[in-house]
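Note sheet for the following structure.
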Amino acid sequence: MANSEQDSPFLAPAGIMNQTRWIGTAALLCIVGCSQGETQDASEDLTIGTAGLSLSKKLPRGGLAPEEEMLANVPTSAALIGKEVSSPTHLENGEEFAVSTAHLLKHGRDLFIARWTIQEGQGRPFGKGNDKDLTDPTSPLHFPHNFNRVSGPASGSCSGCHNQPRIGGGGDIAGSVFVLGNRFDFLTFDPSDTTHIRGRLDERGIAATFQSASNQRKTTGMFGSGYIEMLARQMTEELRAQAAACSAGETCRLSAKSVAFGAVTHRSDGTWDTSQIEGLPPRSMSSIGDAPPSLIVQPFFQSGAVVSLREFTVNSYTRLHGVQAEERFGTGTDQDGDGYVNELTIADVTAVSVFQATLPVPGQVIPQNRIIEQAITRGETLFARVGCTSCHTPSLPLNTSGRVFTEPSPYNPTNTLQLSDVNRIYDLDLNDDALPQPRLKQRGGSTHVPAYTDLKLHDITSGLPSCAANSDLEPLVTCDPDVEAISQHFPTDDDRFFEGNGLFLTRRLWGIANQHAFGHHGQYTTLAEAIGAHRGEATGVMQRYTRLSEYEKGTVIEFLKSLQVLPTGTPCTVVDEHGRCRQKPRR
Amino acid sequence: MGGVPVAQAVVRYVVASVVSTKSLGRRTYGKAKMRRFSVFGGALAALASLCLVGLGTAQVSGRWHWAVGDERAIREHLQPAAHAHMEARELIEAGKRLFTARWTIQDGQGRPLTKGTGVPLTDQSSPLVFPRNFNRISGPDTGACSMCHNTPLVGGGGDFAMNVSVGGERFDFVTFDPTDTMPLRGTLDEHGKPTTMQSVANTRKVVGMFGSGFIEMLSRQMTVDLQRIARDCAIGATCELTTKGVSFGRIHHTLEDTWDTHEVVGLTPKSVQTQGTTPPSLILRTLHQSGMVVSLRQFTNEAFNQHHGIQSREMFPGDPDGDGVEAELTETDVTAVTLFQATLPVPGRVVPRHPAVRSAIRRGERLFEDVGCGTCHVPALSLEDRGWLYSEPGPFNPEGNLQLTPDGPLAHVDLTSSDLPLPRLEKRRGVVRVPAYTDLKLHDITTGRPSCASHPNLVATDGCDGDVEALDLGVSATDPRFSTGNGRFITRKLWGIANQHGFGHHGQYTTLREAVLAHYGEANSQRLAFEALTDDDRNAVIEFLKSLQILKPGTPCQVVDEDYQCTNYRPRYLEGGNY
């Protein structure tokens with residue numbers, strides 16, 4: 001016995017514990033659900049005296065959660081002895097067409113999880129995160145100024161933040177990104193700093209605060225993002241065709257995939273009145289001379305500031321890691337002055353873009369439990385009935401050509417690889433079964449993408465000014481905490497830049513429940529709070545939601561909770577609580 | 001193992017009945033919810049057990065609960081009664097659920113009226129409710145333990161993006177707003193001086209908890225040794241404070257029966273303080289990189305409050321944070337999450353098969369000792385006298401944490417049991433060698449120059465030290481040393497160093513080489529010796545350090561090749577020698 005005790009991982013303590021106190025507390029706390037019998041058990045345990053714990057069953061191999069994947073790698077080889085690089089191999093331009101899809105995706109994943117080091121071009125001693133030169137090149141961003149949580153570089157790797165519930169996903173508020181903080185060289189908030197956009201003073205010379213220097217946003221997930229980009233491209237194509245067909249002197253309705261984007265007027269003098277366009281970022285609405293507005297649906301960044309995964313990727317590598325892609329900074333150019341050029345090749349960027357584009361799609365978890373099933377089903381019905389679906393469109397259709405993801409996007413801005421820069425396009429079928437599961441399937445000529453978004457910008461804030469920019473105002477009384485301090489939609493020399501931002505893309509709800517907290521800032525810990533924060537354009541829907549019974553509201557929450565990123569390799573998009581494929585219950 | 005009768009596998013750890021302690025949904029559910037309970041009352045019992053099973057199945061089911069619309073992360077708090085018995089495995093799994101729970105306001109997340117230090121807000125008229133419910137510097141700043149402790153696996157270290165701003169929690173809500181005139185609210189420090197983003201707190205990387213049960217048991221045994229040496233030190237004598245081969249200097253018991261501690265080294269001032277005839281506590285505080293925290297339990301209780309606004313009952317009885325929820329964590333919850341951390345696997349070694357790499361690692365491991373790194377980064381310390389039996393609560397917990405009573409600990413766990421997550425250490429001839437590469441002492445390896453964080457004007461002329469922190473949080477704010485800064489850190493544990501985070505206490509060194517070359521002060525001669533090596537030899541040392549990694553879960557051995565196959569490379573610490 002002595003031996004087995006010694007070998008048991010949990011041993012009975014010699015004199016057991018201070019039982020009286022513990023049991024007393026327990027009795028006090030058992031308000032509901034504790035019967036007389038349980039107290040009885042407790043006292044029996046006391047009289048037994050020593051009670052041991054044993055591990056009667058072994059932990060599953062692979063730890064407590066069999067799915068856990070390693071979030072880091074340490075490359076080594078005979079050629080790398082003593083070297084510390086995260087990405088020892090880069091793809092030569094053109095190689096993206098020569099290697100297998102699996103190889104390209106692995107390379108993309110390696111670049112996504114690479115913790116970059118100064119031995120491969122990490123850091124940007126002389127460059128800001130917004131691609132410009134430092135305001136004060138006499139204070140380069142060398143250690144200890146090589147990282148700055150707000151102005152960046154702010155992270156070691158993409159997956160350092162995009163890791164919930166898995167690599168590629170969303171992220172915790174601790175990993176939130178401080179959007180536009182990279183206008184500053186190195187944020188200090190040092191009152192003795194008198195240089196604009198160096199460490200404290202903004203473009204106007206006004207002292208920024210921790211809340212007003214940038215827009216703090218949660219890390220959103222990239223699952224299913226290939227389908228999202230293709231939806232946006234097809235919608236852009238549709239809108240542009242409508243504008244192209246709009247004769248001078250006409251006002252033409254704009255709509256794409258049945259989503260209305262307002263109207264555009266082609267004036268008789270050939271110019272364009274874009275004031276009636278809805279849901280597009282200002283940069284897609286601007287029109288100079290006779291040129292129609294670009295009408296590009298920008299599906300990335302919560303404020304819809306980015307056209308494609310590729311633009312997002314190139315932006316982020318610069319801003320967050322100081323790793324500069326040659327397609328933006330030029331081949332052989334060392335803009336950031338770190339001694340490295342071509343830190344990412346065009347083929348590298350294609351690989352990491354395609355890795356993100358082909359990540360599995362989120363799905364739905366419907367437990368095998370009648371009460372929950374009923375709640376989810378009812379919640380889904382109510383979600384539509386009160387009008388949530390007028391913006392959170394349950395699904396948008398991609399036609400057959402749309403399921404083929406191509407690089408580069410035809411709508412990339414000039415600072416990102418464009419179609420005109422290449423003589424060969426990389427393409428891949430997003431529905432290919434060989435890609436990571438789960439994926440979508442084509443039905444009746446279309447692939448329906450259940451992302452619960454219309455890919456439009458909406459303002460669901462109250463119309464009050466931003467609390468972050470106005471610390472003297474009172475939240476929810478004279479200012480709106482959901483309005484951001486500055487606007488990503490306008491250049492810094494536009495007055496509207498400092499008027500703040502309440503325009504966001506309708507939140508994609510697929511995968512909403514297990515990637516991060518809620519609201520663009522991630523500061524709502526519950527879906528209930530996020531729903532409660534719908535104002536502005538969503539006021540009418542909110543009023544209808546508010547009139548639901550408590551149970552009915554609970555079912556809507558339960559429906560939203562079912563929208564999750566699924567375990568790797570799940571062969572279907574609806575599973576039960578054990579990850580087994582199941583049918584959706586009938587309404 | 002195997003000899004324990006099933007009947008003995010009963011416990012005092014209990015999963016409370018699903019409808020237990022928390023008044024259900026007092027925020028979001030009204031009478032309608034309670035009515036549903038009665039409607040579905042018959043199904044309750046079955047559902048309760050289903051729910052418990054379901055919660056154990058990780059990711060998919062982690063978020064569903066049978067109560068419609070409930071958004072609590074944790075619905076079943078562990079109660080110290082014997083209503084339903086839990087096995088150790090279940091207790092550890094429950095601990096993991098608490099470690100990975102993304103807390104919500106329905107759980108009691110947030111601390112509207114309490115600072116991260118645990119004291120009331122300076123400005124009670126501006127409670128920390130939305131939009132002030134999160135603040136990346138002063139906290140709450142994260143949703144779950146595992147959100148930051150996630151590299152390469154849950155329980156590990158974290159990226160620079162997840163760095164913790166130690167000392168930021170002195171403030172209510174950091175703003176750097178120049179119009180703020182109230183000290184310790186948003187901008188001004190204790191002395192009314194404006195802070196900067198660099199001086200307001202010490203930015204530190206998230207360090208991993210792998211193997212931490214062994215570390216805590218080492219420090220407990222070393223504390224016991226030091227306390228015994230002091231107790232046995234006769235009046236008038238000077239006694240060597242040496243434990244497990246590590247010297248903590250000397251203590252002098254004066255003829256007046258007081259204690260002269262100025263020759264004690266490697267301990268935090270708090271552990272060296274002495275008053276009258278009472279000897280200093282000599283407690284090793286091995287958690288937090290600057291050696292501030294005694295035990296995993298203290299670390300857990302404090303972190304839950306600081307980072308999540310989740311207040312445990314043992315540290316925060318009642319509802320001091322004013323969020324309307326009491327006992328946000330029970331004592332048993334804290335025990336479970338502490339045990340989860342304590343029983344995490346130990347890091348190991350990745351030694352590729354390629355002969356050139358393997359021989360570089362072998363050579364680097366020897367050179368590491370030759371140049372003197374092993375003086376502080378002691379390759380292995382020995383746990384003896386059944387020190388591998390981890391117990392909760394520990395004997396040296398400060399007030400506010402569950403205390404060890406004369407009745408003994410509440411639970412033991414054998415850290416060497418192969419039934420716990422692998423890899424783990426084995427005992428041989430009554431000893432467990434713990435290859436953490438540390439002496440668990442505080443050292444100052446900085447240059448002696450002032451902190452760059454508080455003297456940014458000296459950065460350009462190299463007149464400051466980027467490795468000296470702005471604040472010395474080991475002394476009170478009124479002590480002048482407080483704003484002189486801190487250059488003292490516990491010798492970095494090197495096991496698992498290569499794949500958890502960047503390097504240096506701040507995580508701002510992207511390579512091990514930078515970290516090695518940042519050794520000055522007490523480690524100056526070792527750096528010089530490293531620099532004097534040939535290129536090949538320096539590379540070999542780096543290659544050795546790169547081999548120190550967290551291994552894949554379930555790896556049955558501690559040394560594997562690049563394909564995670566167990567390999568016959570034998571670390572030097574196992575080859576005898578006097579470490």
Side-chain angles (χ1 to χ4, degrees), chain A residues 4 7-11 13-15 17-18 22 26 29 32-33 38 41-42 45 51-55 61-65 70-72 74 78 81-82 84 117-118 144 147 155-156 160-161 172 174-175 188-191 207 209-210 367 375 471 481 523 525-526 550-551 554 557-558 577 579, chain B residues 1 3-4 8-10 17 19 21 32 54 58 60-61 64 68-69 71 79-83 88-89 96 104-105 131 134 142-143 147 151-152 159 161-162 175-178 194 196-197 354 356 360 405 407-410 412-414 417 419 452 466 498-499 508 510-511 539 542-543 553-554:
Chain A
S4 63
D7 288 336
S8 166
F10 265 73
L11 277 186
M17 49 198 171
N18 185 350
W22 283 72
L29 282 169
V32 197
E38 289 147 16
D41 281 351
D45 194 38
L53 280 154
S54 79
L55 293 170
R61 285 280 167 224
L64 293 160
M70 300 283 275
L71 200 61
V74 185
I81 292 173
E84 298 179 73
T117 78
I118 55 163
F147 282 97
S155 160
C161 298
D172 184 63
T188 62
F189 303 100
D190 185 339
T209 68
F210 195 45
S471 60
Q523 287 183 226
T525 63
T526 57
E550 291 302 309
Y551 171 74
I557 302 285
E558 219 50 53
E577 71 275 32
Chain B
M1 193 61 220
V4 183
Q8 277 211 3
V10 288
S17 168
V19 206
T21 61
V60 177
S61 56
W64 78 271
V68 169
E71 295 191 71
Q79 301 302 334
H83 151 69
R89 182 179 60 93
K96 182 170 184 179
T104 77
I105 54 166
F134 284 99
T142 172
M147 295 293 178
T151 308
D159 188 79
M162 306 300 176
T175 62
F176 304 114
D177 186 336
T196 69
M197 199 162 110
H354 195 288
T405 70
D407 296 329
L410 294 163
H412 282 89
V413 61
D414 180 348
S417 167
D419 288 339
C452 290
N499 63 345
Q508 289 181 223
T510 62
T511 59
N539 287 341
I542 298 298
E543 206 56 26

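Letters A, B, ... mirror the listed sequences (proteins, then strands); counts begin at 1. The figures here come from the full heavy-atom set of this structure, side chains too, leaving out hydrogens, waters and symmetry mates.
Considering all non-hydrogen atoms of both residues, A:Ala375 and B:Val68 come closest at CB-CG2, 3.7 Å. Heavy-atom minimum distance, A:Thr526 versus B:Ile105: CG2-CG1, 4.2 Å. Contact record, B:Met197 with A:Phe210: SD-CE1, 4.2 Å, taken as the closest heavy-atom pair. Of all heavy-atom pairs spanning B:Gly69 and A:Ile557, the tightest one is O-CG2, 3.7 Å. The minimum heavy-atom distance linking B:Ile542 with A:Glu84 is given by the pair CG2-OE2, 3.5 Å.
In this pair, B:Phe176 and A:Phe189 present their aromatic rings parallel. The plane angle is below 30°, not in the 30 to 60° band.
Interatomic distance, A:Asp190 CG to B:Thr196 OG1, rounded to the nearest 0.5 Å: 6.0 Å. Note that OG1 of B:Thr151 and CE of A:Met70 are 10.5 Å apart. Values are rounded to the nearest 0.5 Å.
Checked by atom type and distance alone, the side chain of B:Asp159 never pairs as donor or acceptor with a backbone atom of A:Ser155 at under 3.5 Å. Panel note: side chain B:Thr510, backbone A:Ile118; a donor-acceptor pair is recorded below 3.5 Å. Counting only distance, with no hydrogens or angles, the side chain of B:Glu543 and the backbone of A:Gly82 share a donor-acceptor pair below 3.5 Å.
When heavy atoms are compared at a cutoff of 4.5 Å, B:Ala498 approaches chain A by way of both its backbone and its side chain. Both the backbone and the side chain of A:Ala78 come within contact range of chain B, each with at least one heavy atom under 4.5 Å from a heavy atom of that chain.
The greatest number of non-hydrogen atom pairs below 4.5 Å with chain A, out of B:Gly143, B:Pro152, B:Gly466, is found for B:Pro152. With chain B as the partner, the residue from A:Pro481, A:Ala174, A:Ala207, A:Gly156 showing the most heavy-atom pairs under 4.5 Å is A:Ala174.
Judged by distance alone, the side chains of B:Asp177 and A:Thr209 never bring a donor and an acceptor atom under 3.5 Å apart.
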